[in-house]
Amino acid sequence: MPVQMSYSKIKVLTGAAIALMGFGGVLVWETPGVTTVSSSSQGDNQQTNSAWANLNLAHTLKGHSDVVWAVAISPDGKTLASASGDKTIKIWNLATGEIRQTLTGHSQWINSLAMSPDGKTLASASGDNTVKLWNLETGKEIRTLTGHVASVQSVTFSPDGSTLVSGSWDQSIKLWNTATGKLIRTIKGDCDVVDAIAISPDGNTLASSSYFDNSIRLWNLKTGSQTRVLKGHTEAVHSLSFNPDGSTLASGSWDRNIILWDVKTGKNIHTLTGHNNKVWSVSFSRDGKTLASGSWDKTIKLWNVSTGNEIRTLRGHDDKIWSVAFSSDGTTIASGSFDKTIKIWRMSQ
């Protein structure tokens with residue numbers, strides 16, 4: 001899936017580390033203890049912009065032999081996991097960039113990764129139609145979850161870690177008991193091919209994106225009932241992220257735009273424009289002030305959530321970017337790319 005890149009306006013979003021994944025590598029950027037931005041304070045916004053200006057490349061991680069499709073950072077900020085088209089997952093020391101172990105078991109490419117809230121378990125979703133759970137300390141497979149009949153595109157844990165949710169091209173969303181691996185519920189309803197999923201911080205709302213009708217659906221996670229459909233994108237929506245208080249949902253689309261939605265009303269708060277190719281991944285910082293987006297234009301953009309303004313464009317990958325994720329302390333960003341590298345960026349003191 002070739003793409004060109006370009007960098008344009010990024011809207012200011014503050015604080016936190018981001019992990020971005022792409023077709024072959026992962027880049028990690030570290031940010032300082034960025035000052036949070038208040039929508040009513042122009043001075044704070046300027047401080048935030050200045051802080052992001054000190055973000056520098058610290059490491060380039062090489063090890064995968066194919067596209068890096070996904071990255072995830074552990075809650076304690078010490079571990080980075082990357083998933084690739086080479087059918088492996090690699091576990092890295094985020095501080096040093098050293099590889100700790102390589103996990104094998106999937107028979108096809110790996111689309112998505114999720115760390116459990118306690119940082120002990122890693123979930124992986126694959127084109128082999130399965131989800132696997134791994135012990136992060138030992139690197140051993142805990143169990144394989146079967147039930148989907150097409151590629152599993154996305155996985156995420158509930159905030160308390162008790163439930164794992166998977167979305168698939170078989171037009172279903174499945175909820176699993178993390179401890180037992182038993183299937184709790186299958187959501188189909190009006191589901192189109194499911195490309196991305198996200199759970200609100202309070203664990204009540206599930207968001208899923210559709211591949212063909214360009215919509216986003218909100219579901220009651222406890223009952224499985226659909227509560228709202230969000231429409232505004234003109235092409236497929238590939239990434240979703242809730243802000244920390246659950247009031248805002250960000251969606252990244254092939255139409256090159258990012259929309260920030262008011263979850264309660266379903267209204268469009270901001271449409272962020274600037275990427276010149278498909279937006280493949282979006283991720284909120286832990287303080288909710290900054291949003292990171294990764295695109296096929298080979299760039300990562302940082303946006304101010306309150307103003308919708310672009311803060312900065314990060315360049316370094318030689319090919320499309322597939323995934324982005326913030327570290328919990330807001331000091332590191334990781335990105336993965338079609339170029340098969342993982343880059344780690346740190347904010348200079």
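Quick note: numbers below take in every heavy atom, side chains included, and nothing from hydrogens, waters or symmetry partners.
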Trainee: When you compare the side chains of His148 and Ser166, does any donor N or O come within less than 3.5 Å of an acceptor on the partner?
Mentor: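 Result is yes, a qualifying pair exists.
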Trainee: Looking only at the side chains, is there a donor atom on one of Lys188 and Ser172 sitting less than 3.5 Å from an acceptor on the other?
Mentor: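 On atom types as modelled, these side chains do not qualify, holding no pair under 3.5 Å.
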Trainee: Is there any salt bridge (Lys or Arg N to Asp or Glu O under 4.0 Å) pair reaching into residues 241-268, and which pairs are they, with sequence neighbours excluded?
Mentor: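 Every pair satisfying salt bridge (Lys or Arg N to Asp or Glu O under 4.0 Å) with a residue in residues 241-268: there are none.
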Trainee: Evaluate the criterion side chain to side chain contact (heavy atoms under 4.5 Å, CB included) for residue pair Leu206 and Ile173; output intermediate values, then yes/no.
Mentor: CA-CA 10 Å; Leu206 170 69; Ile173 299 167; 3.8 Å; yes
Trainee: Answer with yes or no whether the side chains of Asp128 and His106 bring together a donor and an acceptor at under 3.5 Å.
Mentor: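 Yes, side-chain donor-acceptor contact under 3.5 Å.
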Trainee: Under the salt bridge (Lys or Arg N to Asp or Glu O under 4.0 Å) definition, can you give me all pairs with a residue in residues 134-159, not counting sequence neighbours?
Mentor: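 Residue pairs passing salt bridge (Lys or Arg N to Asp or Glu O under 4.0 Å), neighbours aside: Lys132-Glu141.
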Trainee: Mind checking what makes side chain to side chain donor-acceptor pair (under 3.5 Å) contact with Thr156, not counting sequence neighbours?
Mentor: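 For Thr156, no residue satisfies side chain to side chain donor-acceptor pair (under 3.5 Å) once neighbours in sequence are set aside.
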Trainee: Sequence neighbours excluded, which residues qualify as side chain to side chain donor-acceptor pair (under 3.5 Å) partners of Ser158?
Mentor: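 Only Asp160 meet the side chain to side chain donor-acceptor pair (under 3.5 Å) criterion with Ser158.
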Trainee: With respect to Leu221, which candidate in Asn204, Asp202, Val165, Thr163 satisfies the side chain to side chain contact (heavy atoms under 4.5 Å, CB included) definition?
Mentor: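 Among the candidates, only Val165 passes.
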Trainee: Name the orientation class of the two ring planes belonging to Trp254 and Tyr211 (parallel below 30°, tilted from 30 to 60°, perpendicular beyond 60°).
Mentor: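 The arrangement is perpendicular - the two ring planes meet at more than 60°.
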Trainee: Side chains of Ser281 and His238: donor-acceptor distance under 3.5 Å anywhere?
Mentor: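 Ser281 vs His238: no donor-acceptor pair found between side chains.
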Trainee: To the nearest 0.5 Å, how far apart are OG in Ser162 and CG in Asn177?
Mentor: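 Spacing of OG (Ser162) from CG (Asn177) equals 7.0 Å.
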Trainee: Is Trp176 isolated, or which residues cluster with it under the ILVMFWY side-chain rule of less than 4.5 Å, directly or via members?
Mentor: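 Val131, Leu133, Ile142, Leu145, Val152, Val155, Phe157, Leu164, Leu183, listed by chain and number.
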Trainee: Measure the spacing between NE2 of His59 and CG of Leu94 and express it to the nearest 0.5 Å.
Mentor: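 Reported value, rounded in 0.5 Å steps: 8.5 Å.
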Trainee: State yes or no: do Phe284 and Leu240 share one hydrophobic cluster built from I, L, V, M, F, W and Y residues joined by side-chain heavy-atom distances below 4.5 Å, directly or via other members?
Mentor: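 No.
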Trainee: Should Leu61 and Val71 be regarded as members of a common hydrophobic cluster, given that ILVMFWY residues are connected when their side-chain heavy atoms come within less than 4.5 Å of each other, either directly or indirectly?
Mentor: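 Hydrophobic grouping puts Leu61 with Val71.
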Trainee: With no hydrogens and no angle check, do the side chains of Ser82 and His64 hold a donor and an acceptor under 3.5 Å apart?
Mentor: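 Indeed, the side chains of Ser82 and His64 share at least one donor-acceptor pair under 3.5 Å.
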Trainee: Under the side-chain contact (heavy atoms from CB on, under 4.5 Å) rule, collect the residues that match up with Ile91, sequence neighbours excluded.
Mentor: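 Testing Ile91 for side-chain contact (heavy atoms from CB on, under 4.5 Å), a comparison that skips the adjacent residues, returns Thr79, Ala81, Ile89, Arg100, Gln101, Leu103, Leu122, Leu136.
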